[in-house]
Amino acid sequence: MFHGIFSLTYSVMRRKILYASLPIFITDRCNSRCLTCNIWKKRPKTDLGVEVIKKILQDKVISRRTWFCIAGGEPLLHPDCREILSLFRGRNYLFLSNAILVDRLIDLVRECEIKHLSLSLDGPPETDKKIRGAAGYSCVEKVVSELKDDDVYIYVNFTVSPWNTREDFKHVIEFCKKHRVHLFVGYYENMEYFDTTTPAGRLYKIDDLITCPPFGSISHPYFGLYPYWAMGNLKIPCFSVFLKPVIRPNGDVELCEGKAIKLGNLYEQSLGEIWHSKKTVELQRRYIRCNACWADGQRASDVRVASILRTLVPSGLLNRFFGKCDWNKIPSLRNR
C-alpha cells in the first residue's frame with residue numbers, strides 16, 4: 001500500500017512518470033453492436049499508427065513500471081495488432097477483447113505471451129447477446145477453457161447497466177467461480193467518446209454480492225459508495241485527471257475517460273510534451289473538482305486516493321484545497 005502511496009504522490013507532484021494504467025484505444029473498429037457503447041457506429045474507422053505507439057513507449061513519461069490498457073473497439077481488428085503486441089512484450093498491460101474472434105484471440109495470447117486478458121460478459125447467453133448484439137457468451141467460455149492451463153490471468157469484465165439485473169450479475173459471479181477467473185466490474189456511463197445517450201439512472205446494488213471469495217481485492221469501497229454518488233449525496237475530487245490520460249485511435253490525448261477534453265494529438269506532439277503543457281496543467285486544475293461520472297477506470301482510483309488523504313490530513317484542510325467534499329463517507333484504508 002505504501003509503495004502505491006509514494007508512486008501516486010510522485011506522479012502527481014513531480015509529473016515525471018505515468019505510473020497509473022494508461023488506456024490506449026488502438027482502433028474504433030468493432031464486431032459487436034453493444035447497447036452500452038456506440039463506438040461501432042463511428043465513421044470513418046480509425047487505427048492508431050504503429051509508429052505513434054513506438055513513440056509512446058519511448059517517451060520519458062513512460063517507465064518499465066507503467067501499466068497499459070490496450071482497448072478498442074475490438075483491438076484484434078487493428079490491421080497491425082500482432083505488431084503492436086510485439087512492442088509491448090515484457091511490459092505490463094491488460095488486453096481487452098469481446099472474444100468473438102475466439103480462435104484468433106487464443107492464438108495471439110499464446111504467440112504474443114499476453115499475461116493479462118479481459119473478456120466482456122454481461123450476463124447469461126440471452127442477456128449478453130441482447131446487450132452486445134452478438135453471441136459472445138460461448139466464445140468467452142471457449143477462451144477461458146482453452147487457456148485455463150496457460151500462464152495468463154483472465155478477467156471477466158461485467159458492466160452494471162440498465163439492460164441487465166442482479167440475477168445476471170449473480171450468473172457471471174458463478175461463471176467466474178466455476179472457471180476460476182477474476183472479475184472486473186464497472187458501471188454504465190453516458191460517455192461522450194462512445195456516443196451513448198441512454199441515461200444510466202440509479203443502477204442496482206451489487207456491493208453485497210462481491211464481498212466474498214474468490215474476488216478478494218474487488219471488495220472495494222468504490223462499489224459501496226456508488227448509491228450515494230448516484231443519488232447526488234457523494235462528492236469527491238477527480239484525482240485521476242493527474243494520473244491517467246486516455247489515448248484515442250486518432251492520436252488524441254484526452255484528459256479522462258468521461259469527457260472528450262482534448263489535451264493534444266500524438267501526431268503533432270510527444271506524449272511528454274502534451275502531459276507537461278500549460279494547457280494540461282490548467283485543465284487538470286479546472287477539473288479536479290469534477291464529480292460528473294462514476295467510471296471504474298477513474299473513480300476507483302479516486303476513492304483510493306481520497307481514502308489515503310482522509311487518513312493522513314484533516315478534512316478541513318482537504319476542503320481548503322479541493323472544495324467541500326464528503327470525506328466522512330469514504331472508508332479509511334486503515335480499516336480495510
Side-chain angles (χ1 to χ4, degrees), residues 8 20-21 23 25 34-39 69 71 96 118 120 122-123 131 155-166 168-169 172 183-211 215 217-246 254-261 284 286-310 322-331 333 336:
L8 290 173
S21 176
F25 291 77
C34 296
L35 298 174
T36 53
C37 166
N38 288 326
I39 197 170
C69 180
L96 275 64
S118 178
S120 302
D122 284 329
I131 293 175
Y155 308 83
V156 166
N157 196 352
F158 179 90
T159 301
V160 180
S161 78
W163 299 281
N164 55 25
T165 66
R166 274 174 62 93
D168 295 323
F169 183 52
V172 173
L183 176 65
F184 277 166
V185 185
Y187 294 91
Y188 166 77
E189 293 277 350
N190 271 326
M191 292 191 176
E192 190 172 342
Y193 175 74
F194 297 109
D195 299 326
T196 51
T197 56
T198 302
R202 295 179 186 176
L203 300 171
Y204 52 89
K205 177 182 172 67
I206 63 166
D207 61 297
D208 59 313
L209 298 177
I210 55 176
T211 55
F215 306 119
S217 62
I218 199 171
S219 178
H220 189 293
Y222 165 77
F223 301 103
L225 291 173
Y226 169 77
Y228 295 101
W229 175 83
M231 292 185 290
N233 296 326
L234 178 69
K235 181 179 180 180
I236 60 173
C238 184
F239 300 104
S240 294
V241 295
F242 289 92
L243 301 173
K244 47 171 58 175
V246 178
E254 295 182 349
L255 181 67
C256 65
E257 292 185 46
K259 297 178 181 291
I261 300 173
Q284 287 171 327
R286 184 188 311 174
Y287 283 96
I288 191 172
R289 297 185 181 184
C290 181
N291 194 49
C293 82
W294 202 249
D296 59 300
Q298 294 185 190
R299 300 305 263 169
S301 298
D302 295 339
V303 169
R304 182 164 291 276
V305 175
S307 297
I308 294 169
L309 289 176
R310 69 149 293 193
F322 303 114
K324 186 172 177 55
C325 295
D326 298 305
W327 306 100
N328 62 316
K329 294 178 182 176
I330 303 167
L333 288 185
R336 302 192 62 78

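Start at 1 with the first residue, then count along the sequence.
- Residues Ser240 and Arg299 fail the side-chain proximity criterion, which asks for heavy atoms closer than 4.5 Å.
- Residues Asp208 and Arg166 form a side-chain contact, since some pair of their non-hydrogen atoms from C-beta on lies under 4.5 Å apart.
- Note on ring orientation: taking the six-membered ring where Trp is involved, the planes of Phe169 and Phe158 are tilted (angle from 30° to 60°).
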Which donor-acceptor pairs under 3.5 Å do side chains of residues 223-237 form with protein atoms, sequence neighbours excluded?
residue : atom : partner : partner atom : Å
Tyr226  : OH   : Leu203  : N            : 3.1
Trp229  : NE1  : Asn291  : O            : 2.9

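- Counting only distance, with no hydrogens or angles, the side chain of Thr159 and the backbone of Tyr188 share no donor-acceptor pair below 3.5 Å.
- To the nearest 0.5 Å, the span separating OH on Tyr287 from SG on Cys256 amounts to 8.5 Å.
- Among all heavy-atom pairs drawn from Leu96 and Ala71, the shortest one is CD2-CB, 4.2 Å.
- Residue Lys329 qualifies as enclosed at atom NZ: its count of foreign heavy atoms under 6.0 Å is above 12.
- Ser301 and Gly297 get closest at one heavy-atom pair: OG-O, 4.3 Å.
- A heavy-atom distance below 4.5 Å is found between the side chains of Tyr204 and Asn164.
- Contact annotation: the side chain of Arg310 never approaches that of Pro331 to less than 4.5 Å [non-hydrogen atoms, C-beta and beyond].
- With values rounded to the nearest 0.5 angstrom, Leu309 atom CG is found 10.5 Å from Cys325 atom SG.
- Nearest heavy atoms, Gln298 versus Cys238: NE2-SG, 3.9 Å.
- Counting only distance, with no hydrogens or angles, the side chain of Asn38 and the backbone of Asp195 share a donor-acceptor pair below 3.5 Å.
- Here the straight-line distance linking atom OH of Tyr155 with atom CG of Leu183 works out to 11.5 Å at 0.5 Å rounding.
- Pairing each heavy atom of Asn190 with each of Ala200, the nearest pair is ND2-N, 4.4 Å.
- Using modelled atom types, one finds no donor on one side chain facing an acceptor on the other under 3.5 Å when comparing Asn157 with Ser120.
- The shortest heavy-atom contact between Ser307 and Ile330 is OG-CG2, 3.2 Å.
- No donor-acceptor contact under 3.5 angstrom links the side chains of Tyr222 and Asp302, judged on distance only.
- Checked by atom type and distance alone, the side chain of Thr165 pairs as donor or acceptor with a backbone atom of Asp168 at under 3.5 Å.
- Considering every non-hydrogen atom in both Glu254 and Lys259, the closest pair reads OE1-O, 4.1 Å.
- To the nearest 0.5 Å, atoms CD (Glu189) and OG1 (Thr196) are separated by 8.5 Å.
- Using a distance-only test at 3.5 Å, with no hydrogens or angles considered, a donor-acceptor pair links the side chain of Gln284 to the main chain of Val241.
- Counting heavy atoms from C-beta on, the side chains of Asp122 and Ser161 never come closer than 4.5 Å.
- Note that the CG atom of Leu35 and the OG1 atom of Thr198 stand 7.5 Å from one another [nearest 0.5 Å].
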